[in-house]
Amino acid sequence: MKRLHVHLSVDDLAQSIRFYSTLFAAQPAVTKPEYAKWMLDDPRVNFAISTRGGESGVDHLGIQVETPDELHEVYERLQQADRPVLEEGATTCCYAQSEKSWITDPQGLSWETFLTFGESTVYGDSVDLGPIRTKAGACCTPETPRGGCCAQTPEPAADVPCRGTVTP
């Protein structure tokens, strides 16, 4: 059975652990100096937070699988998604040993697909997603002319943050 994975970058880990522990009515399954993870069954989600990302907010989403067959099934779907795929393979990340691949959606949001097969005593390395990040489909970038890919909408106020920005 697959599990949705959500990873948020946070500014204050202790404060965020308190908040999400209250929200989920559960303590994290894993707590490290810069990382915490809840393995929830209702809803079925692997929810992680860390101070290792850039700006606060959604860092990436993912699909965690339980078997090599499920991993193969999801990898095949990634290949059919008509987007560049980064096959990372076996790696250490988030205090776990995993096999994973990455893809970005048309807005530039990163998705990982992974099978965890062991624990690690170190956080591990972050993969460079630059090769799969594309601006195709990303509206609201400084390089995209107004209306270049999105339906015409009124100009946003200058102080409204841009949604869908892709980091090169």
Side-chain angles (χ1 to χ4, degrees), residues 1-10 13 16 20 28-144 148-150 162-168:
M1 181 181 298
K2 298 167 193 71
R3 181 184 299 264
L4 181 66
H5 169 60
V6 177
H7 188 124
L8 300 182
S9 293
V10 299
L13 189 69
S16 295
Y20 288 112
V30 176
T31 306
K32 302 292 182 180
E34 75 283 12
Y35 176 83
K37 175 175 68 175
W38 289 259
M39 296 294 285
L40 304 170
D41 289 323
D42 185 18
R44 192 162 166 76
V45 64
N46 166 342
F47 185 87
I49 60 175
S50 73
T51 57
R52 300 181 61 94
E55 294 182 31
S56 313
V58 175
D59 184 77
H60 65 273
L61 301 173
I63 299 172
Q64 182 177 8
V65 301
E66 293 181 348
T67 68
D69 287 341
E70 287 180 340
L71 187 64
H72 181 72
E73 170 194 329
V74 177
Y75 277 6
E76 284 181 356
R77 283 191 256 147
L78 293 180
Q79 297 300 328
Q80 296 170 12
D82 198 29
R83 309 279 304 163
V85 175
L86 179 73
E87 294 186 19
E88 189 174 1
T91 187
T92 299
C93 180
C94 304
Y95 296 97
Q97 298 290 322
S98 302
E99 181 176 331
K100 63 177 70 181
S101 286
W102 294 85
I103 195 167
T104 57
D105 75 5
Q107 288 68 236
L109 180 62
S110 300
W111 281 81
E112 72 176 322
T113 300
F114 63 101
L115 169 65
T116 299
F117 51 84
E119 294 182 13
S120 173
T121 58
V122 296
Y123 186 89
D125 296 322
S126 297
V127 66
D128 176 13
L129 298 177
I132 62 168
R133 292 210 190 265
T134 66
K135 292 185 179 173
C139 301
C140 197
T141 66
E143 298 80 19
T144 305
C149 66
C150 301
C162 180
R163 292 185 55 209
T165 301
V166 179
T167 306

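What you see is a predicted model; the values in this text were computed from it and never measured.
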note = Residues R83 and D105: closest non-hydrogen pair is NH2-O, 3.1 Å
query = From K32 NZ over to L13 CG, what is the distance, rounded to the nearest 0.5 angstrom?
reply = 12.5 Å
ask   = With a cut-off of 6.0 Å (strictly less than), are more than 12 heavy atoms of other residues, nucleotides or ligands near CD of E76?
value = yes
request  = Hey, could you give me the CD/OG1 distance between E112 and T104, rounded to the nearest 0.5 Å?
outcome  = 13.5 Å
key: All side chain to side chain contact (heavy atoms under 4.5 Å, CB included) counterparts of E99, not counting sequence neighbours   = L71, Y75, F117
query = Any ion pair linking E66 and R44 (charged N to carboxylate O, less than 4.0 Å)?
reply = yes
query = Side chains of E88 and W102: closer than 4.5 Å at any heavy-atom pair?
reply = yes
ask   = Would W38 and Y20 satisfy side-chain contact (heavy atoms from CB on, under 4.5 Å), going step by step from the backbone distance to the final call?
value = CA-CA 9 Å; W38 289 259; Y20 288 112; 3.6 Å; yes
key: G62 versus L4, closest heavy-atom pair with distance   = O-CD1, 3.4 Å
message = Is it the case that the side chains of S98 and T116 hold a donor-acceptor pair, with the cut-off being a distance below 3.5 Å and no angle test?
response = yes
message = Just verifying a value: how many Å separate I49 CD1 and S56 OG, rounded to the nearest 0.5 Å?
response = 11.0 Å
ask   = Does N46 have any side chain to side chain contact (heavy atoms under 4.5 Å, CB included) partners at least two apart in sequence or in another chain, and if so, which?
value = R3, H5, K37, M39, A48, Q64, F114
task = For the residue pair T51 and V10, establish whether any side-chain heavy-atom pair is separated by less than 4.5 Å.
result = yes
query = Can you tell me how far CD of E73 sits from CG of L78, rounded to the nearest 0.5 angstrom?
reply = 11.0 Å
query = To the nearest 0.5 Å, what is the distance between NE2 (H72) and OG1 (T67)?
reply = 11.0 Å
task = Please report the closest heavy-atom contact between L115 and P68, naming both atoms and the distance.
result = CD2-N, 3.9 Å
note = Looking only at heavy atoms, the pair that brings P84 and I103 closest together is O-CG1, 3.4 Å
request  = Would you name the heavy atoms of V6 and L61 that are closest together and state the gap between them?
outcome  = CG2-CD2, 3.8 Å
Worked verdict on H7 versus S50 for side-chain contact (heavy atoms from CB on, under 4.5 Å) = CA-CA 8 Å; H7 188 124; S50 73; 2.9 Å; yes
request  = Would you please test V30 and Y35 for side-chain contact (heavy atoms from CB on, under 4.5 Å) and show each step?
outcome  = CA-CA 8 Å; V30 176; Y35 176 83; 4.0 Å; yes
ask   = Do V58 and L109 come within less than 4.5 Å of each other through their side chains, counting heavy atoms only?
value = yes
